[in-house]
Amino acid sequence: MAIIKRDNLKAFKRIKMSSKLNENLLTPKYQKEFWSNISPDIRRFLDDFESKEDWTYTYAEIPEAFQEISKALPKFARHKINMDNTEKTRDIIQKITVILAAMPLRESISAISWLDRDISDETEIGWAVAIYMQAAQVALFDKSDPDYKECKILYDRVRIMLHSRHSSLLFTQLRFIGE
């Protein structure tokens, strides 16, 4: 069983390429379609983690904010990371980290993954990777940071996705061995 079901790959690509994606990225309809292309095992794993989040805001609570964030993400992602001005880059990452941590797990992860969708050069660091790296740095080494809680949330969320993928692959492999 793959993380993205092969028979749904075309639908996944259609969603990804949709011109309405920018304004619909965080809508419940888009999220439902996006996550339906992920294996049921992973979705169940995420259900468990998401059910424990009591600090997030949902689309139903503040749809205007989610719509504004959806419109802002493409503008944000178009800008290359300025390695010459690390203080400004760090400040931008800090602000988006706080926003992403306040979203439910799935919306946060889909937004993070979307940020690097147009990376074409293997040597280019995208915003998603930069956000994760800064969150990891704070979560692991700087508990005194004022945004420690938000950084830890994003760091843990990305790790959840990595672990769920590895677990799913491991259990799929075990199934083949046992046949």
Side-chain angles (χ1 to χ4, degrees), residues 3-4 12 15-18 21-27 30-31 34-35 37-38 42-43 45-46 49-50 52-59 61-62 64-167:
I3 301 300
I4 298 174
F12 180 77
I15 294 166
K16 190 174 177 186
M17 303 311 259
S18 169
L21 175 62
N22 296 352
E23 58 201 60
N24 294 326
L25 174 66
L26 299 172
T27 63
Y30 173 83
Q31 290 295 309
F34 176 85
W35 290 103
N37 290 294
I38 305 299
I42 301 297
R43 290 195 314 261
F45 194 69
L46 296 177
F49 283 100
E50 204 167 49
K52 296 172 186 166
E53 295 184 340
D54 59 1
W55 63 86
T56 62
Y57 294 96
T58 65
Y59 188 94
E61 292 173 298
I62 49 173
E64 306 82 21
F66 280 81
Q67 291 163 3
E68 288 302 313
I69 293 166
S70 291
K71 290 176 186 175
L73 281 174
K75 295 172 188 168
F76 174 72
R78 271 195 295 263
H79 297 285
K80 301 274 187 216
I81 295 175
N82 185 348
M83 297 311 285
D84 296 329
N85 190 347
T86 56
E87 190 60 38
K88 182 178 180 184
T89 300
R90 219 177 275 123
D91 184 53
I92 292 168
I93 291 172
Q94 178 272 332
K95 287 176 180 157
I96 194 136
T97 297
V98 171
I99 292 168
L100 292 170
M103 293 178 183
L105 182 145
R106 292 177 206 221
E107 285 84 344
S108 175
I109 291 295
S110 65
I112 291 169
S113 67
W114 190 87
L115 287 172
D116 282 357
R117 74 183 188 138
D118 292 328
I119 299 294
S120 57
D121 184 359
E122 287 181 16
T123 61
E124 185 178 353
I125 294 177
W127 285 106
V129 171
I131 290 166
Y132 175 73
M133 289 172 61
Q134 185 166 315
Q137 185 71 22
V138 170
L140 296 172
F141 304 112
D142 192 2
K143 291 183 179 182
S144 65
D145 188 287
D147 298 312
Y148 170 79
K149 180 180 173 184
E150 291 82 1
C151 289
K152 179 87 167 89
I153 289 167
L154 282 189
Y155 172 72
D156 288 345
R157 285 176 173 177
V158 172
R159 291 189 65 221
I160 286 167
M161 292 305 299
L162 295 172
H163 287 287
S164 64
R165 181 176 188 278
H166 291 294
S167 295

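Looking at Arg90 and Glu87, their side chains come closer than 4.5 Å, going by heavy atoms from C-beta outward. The shortest side-chain heavy-atom distance between Leu115 and Leu73 falls under the 4.5 Å cut-off. Using a 4.5 Å cut-off on side-chain heavy atoms (C-beta onward), Arg106 and Phe34 make no contact. Using a 4.5 Å heavy-atom threshold, the side chains of Phe45 and Ile38 count as separate. In this structure, the side chains of Trp114 and Pro74 come closer than 4.5 Å at one or more pairs of heavy atoms. Within the 4.5 Å cutoff, the side chain of Val138 has no heavy atoms near those of the Asp147 side chain. At least one side-chain heavy atom of Trp127 sits less than 4.5 Å from a side-chain heavy atom of Ile81. Thr56 has its side chain within reach of Glu53: a pair of non-hydrogen atoms, C-beta onward, lies under 4.5 Å apart.
A side-chain contact (heavy atoms from CB on, under 4.5 Å) with Ser70 is found for one member of Thr27, Leu25, Asn24 and no other, namely Leu25. Screening Gln67, Glu64, Gln31 for a side-chain hydrogen bond (donor to acceptor under 3.5 Å, both in side chains) with Tyr59, the sole residue that qualifies is Gln67. Between Ile131 and the options Ile92, Leu154, Asp116, a side-chain contact (heavy atoms from CB on, under 4.5 Å) holds for only Leu154.
Salt bridge status for Arg43 with Glu50: absent, with no side-chain N to carboxylate O gap under 4.0 Å.
Between atom CD1 of residue Ile99 and atom CZ of residue Phe66 there is a gap of 10.5 Å, rounded to the nearest 0.5 Å. Atom CE of residue Met161 and atom CZ of residue Phe49 lie 11.0 Å apart, to the nearest 0.5 angstrom. With rounding to the nearest 0.5 angstrom, the CD atom of Glu150 is 8.0 Å from the CD atom of Gln94. If you take NZ on Lys95 and CD1 on Ile93, they are separated by 12.0 Å, rounding to the nearest 0.5 Å. A distance of 10.5 Å separates CD1 in Ile160 from CD1 in Ile153, rounded to the nearest 0.5 Å. The distance from atom CG of Asn37 to atom CD1 of Ile42, rounded to the nearest 0.5 Å, is 13.5 Å.
Of all non-hydrogen atoms in Lys75 and Arg78, the two that sit nearest each other are CG-NH2, 3.2 Å. In terms of heavy-atom proximity, Glu107 sits nearest to Ser110 at O-OG, 3.1 Å.
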TODO: May I have the step-by-step check of side-chain contact (heavy atoms from CB on, under 4.5 Å) for Leu26 and Met103, ending in yes or no?
DONE: CA-CA 10 Å; Leu26 299 172; Met103 293 178 183; 3.6 Å; yes
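Between the side chain of Thr97 and the backbone N or O of Cys151 there is no donor-acceptor pair closer than 3.5 Å. Proximity of a side-chain donor or acceptor of Ser113 to a complementary backbone N or O of Ile109 within less than 3.5 Å is detected.
Figure legend: cation-pi geometry between Lys152 and Tyr148 absent, as NZ or CZ is not positioned both under 6.0 Å from the six-membered ring centre and within 45° of its axis.
Other residues, nucleotides and ligands contribute over 12 non-hydrogen atoms within 6.0 Å of the CZ atom of Phe76.
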